[in-house]
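Scroll down for the structure; my scribbles are underneath it.
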Amino acid sequence: MNAFAEDALSCNGVLGGRVQLWQPAKGYRAGVDPVLLAAAVPARAGEAVLELGCGAGQALLCLAARVPDLHLAGIELQPPYAELARRNAVENGQAIEVFEADLSALPQVLKQRQFQHVIANPPYYKPGAHSLARDAGRQVALGEGTPLADWITTAARRLAPKGYLHMIQRADRLPDMLAACSGCLGSMEVLPLAPRADRAAELVILRARKGGRADFRLFAPLILHEGAKHERDGDSYRPQIRAVLRDGAALSWPG
């Protein structure tokens, strides 16, 4: 796959402009999901973080904007997006190691390392469940090529003892996620994300710990938008969510 031409890119501000992100002007563009994922990770300065499928680097850069002095690495299957992630890291003054690799064939240097945190925003749709996109990058980003279970087992292998996986996914994939964690990760916690009050959760954030033994916890849904329905143009996020998306605040887990 060829690199993106300069005139096929746009630069957009994220976290109220704290992060400047180059992305394709058309095709797959990261939304709020990687921002919410990054906000949910309780990383501390000096810790190592690996993202599986880092795309153009939005989640890692949002995390780095909130937590200083992290050791960041990302794995990306599509070379043009890996190139964008490197460019975005440099232009945002962050150091991110970006590896072009399939999860099933990680570079040896990564197999020798462990991380306190692994994060992932895998493709949401099972093979055949999402209509084919004209843009190849969007199709790879949205349509599952590597089984979801492989994402979780890869994360478990790269986690240091007591390290955490954070993953955002569609709510209907939760049974697959929990099944994949069995035997390799424990202390599972699930935070559902619902678009509005009295609406079913569409996304979930899973947190699981390597070597964890705590009981499973399913929290009440976090509501993203104010009001029962969309009634006007513009931002309708609830204050807590607006603080995450605009100000770079952490997303606090219940309890």
**Message:** Ignoring hydrogens, what is the shortest heavy-atom contact between L61 and A89? Give both atom names and the distance.
**Reply:** CD2-CA, 4.0 Å

**Asked** Does a side chain donor of either W253 or E189 reach within less than 3.5 Å of an acceptor in the other side chain?
**Response** no

**CA sep, side-chain torsions, deciding dist, call: I168, Y124, side chain to side chain contact (heavy atoms under 4.5 Å, CB included)** = CA-CA 9 Å; I168 190 167; Y124 285 164; 4.1 Å; yes

**Item:** pair K162-S187: side-chain heavy atoms closer than 4.5 Å
**Value:** no

**Request:** Answer yes or no: is there a donor N or O on one side and an acceptor on the other, between the side chain of N88 and the main chain of A56, under 3.5 Å?
**Result:** yes

**Message:** Is there a side-chain contact between R207 and P42 in this structure, where contact means two heavy atoms from C-beta onward sitting under 4.5 Å apart?
**Reply:** yes

**Request:** Report the C-alpha distance between Y125 and R170 in whole Å, list the side-chain angles of each, state the deciding distance to 0.1 Å, and finish with yes or no for side chain to side chain contact (heavy atoms under 4.5 Å, CB included).
**Result:** CA-CA 8 Å; Y125 300 96; R170 283 170 52 96; 3.6 Å; yes

**Request:** List the steps, then state whether side chain to side chain contact (heavy atoms under 4.5 Å, CB included) holds for L37 with L63.
**Result:** CA-CA 9 Å; L37 173 64; L63 181 56; over 6 Å; no

**Prompt:** Same hydrophobic cluster for L218 and L206, using side-chain heavy-atom links shorter than 4.5 Å among ILVMFWY?
**Reply:** yes

**Request:** Taking the side chain as every heavy atom from C-beta outward, state whether W151 and L103 have any atom pair closer than 4.5 Å.
**Result:** yes

**Asked** What distance do L110 atom CG and F99 atom CZ have between them, rounded to the nearest 0.5 Å?
**Response** 4.0 Å

**Message:** Quick check: do L106 and R157 have side-chain heavy atoms less than 4.5 Å from each other?
**Reply:** no

**Request:** Kindly compute the distance separating CZ (R29) from CG (L21), expressed to the nearest 0.5 Å.
**Result:** 8.5 Å

**Prompt:** Considering only heavy atoms from C-beta outward, does the side chain of Q169 approach that of L174 to under 4.5 Å?
**Reply:** no

**Asked** Is a side-chain donor or acceptor of R196 paired with a backbone partner of L224 at a separation under 3.5 angstrom?
**Response** no

**Asked** A43 and L70: which non-hydrogen atoms are nearest, and at how many Å?
**Response** CB-CD2, 4.0 Å

**Request:** Applying side chain to side chain contact (heavy atoms under 4.5 Å, CB included), run through R113 and H71 and close with a yes or a no.
**Result:** CA-CA 12 Å; R113 292 168 59 182; H71 304 285; 5.7 Å; no

**Item:** Exam field: side chain S182 to backbone A179, donor-acceptor pair closer than 3.5 Å
**Value:** no

**Prompt:** Got L159 and L185 here, is their nearest side-chain heavy-atom distance under 4.5 Å?
**Reply:** yes

**Prompt:** So which pairs with a foot in residues 42-61 pass side-chain hydrogen bond (donor to acceptor under 3.5 Å, both in side chains), sequence neighbours left out?
**Reply:** E47-H117

**Message:** Counting C-beta onward and ignoring hydrogens, is there a side-chain heavy-atom pair between L52 and R158 closer than 4.5 Å?
**Reply:** no

**Message:** Restricting to non-hydrogen atoms, name the atom on C62 and the atom on A38 that form the minimum distance, rounded to 0.1 Å.
**Reply:** CB-CB, 3.9 Å

**Prompt:** Transitively linked via ILVMFWY side-chain contacts under 4.5 Å: V90 with V14?
**Reply:** no

**Request:** Compare every heavy atom of P24 with every heavy atom of L84, then report the nearest pair and how far apart it is.
**Result:** CD1-CD, 4.0 Å

**Request:** Drop me the distance from F4's CZ to Q23's CD, to the nearest 0.5 angstrom.
**Result:** 9.5 Å

**Asked** When hydrophobic residues are tied together by side-chain contacts of less than 4.5 Å, even through go-betweens, does V32 share a cluster with I223?
**Response** no

**Message:** Are V49 and Y164 packed together at the side-chain level, in the sense that at least one heavy-atom pair is separated by less than 4.5 angstrom?
**Reply:** no

**Message:** Please find the pair of heavy atoms, one from A95 and one from L72, that lie closest to each other, and give the distance.
**Reply:** O-CB, 3.9 Å

**Complete:** Tightest non-hydrogen contact, residues V204 and P192, listed as CG1-CA, 4.0 Å

**Request:** Please answer whether the main-chain N or O of A48 pairs with a side-chain N or O of Q116 as donor and acceptor at a distance below 3.5 Å.
**Result:** yes

**Prompt:** In Å, rounded to the nearest 0.5 Å, how long is the span from CG of D102 to CD1 of I75?
**Reply:** 9.5 Å

**Message:** What's the separation between atom NZ in K26 and atom OG in S10, rounded to the nearest 0.5 Å?
**Reply:** 11.5 Å

**Message:** Please enumerate all residues that pass salt bridge (Lys or Arg N to Asp or Glu O under 4.0 Å) together with D33, with sequence neighbours excluded.
**Reply:** none

**Prompt:** Do any N or O atoms from the side chain of K210 and from the backbone of G163 form a donor-acceptor pair under 3.5 angstrom?
**Reply:** no

**Request:** Please check if the side chain of R18 supplies one atom and the backbone of R246 the other of a donor-acceptor pair under 3.5 Å.
**Result:** yes

**Separation between CG of D247 and CG of L15, rounded to the nearest 0.5 Å** = 8.5 Å

**Item:** Salt-bridge present (R86, E76; N to O < 4.0 Å)
**Value:** no

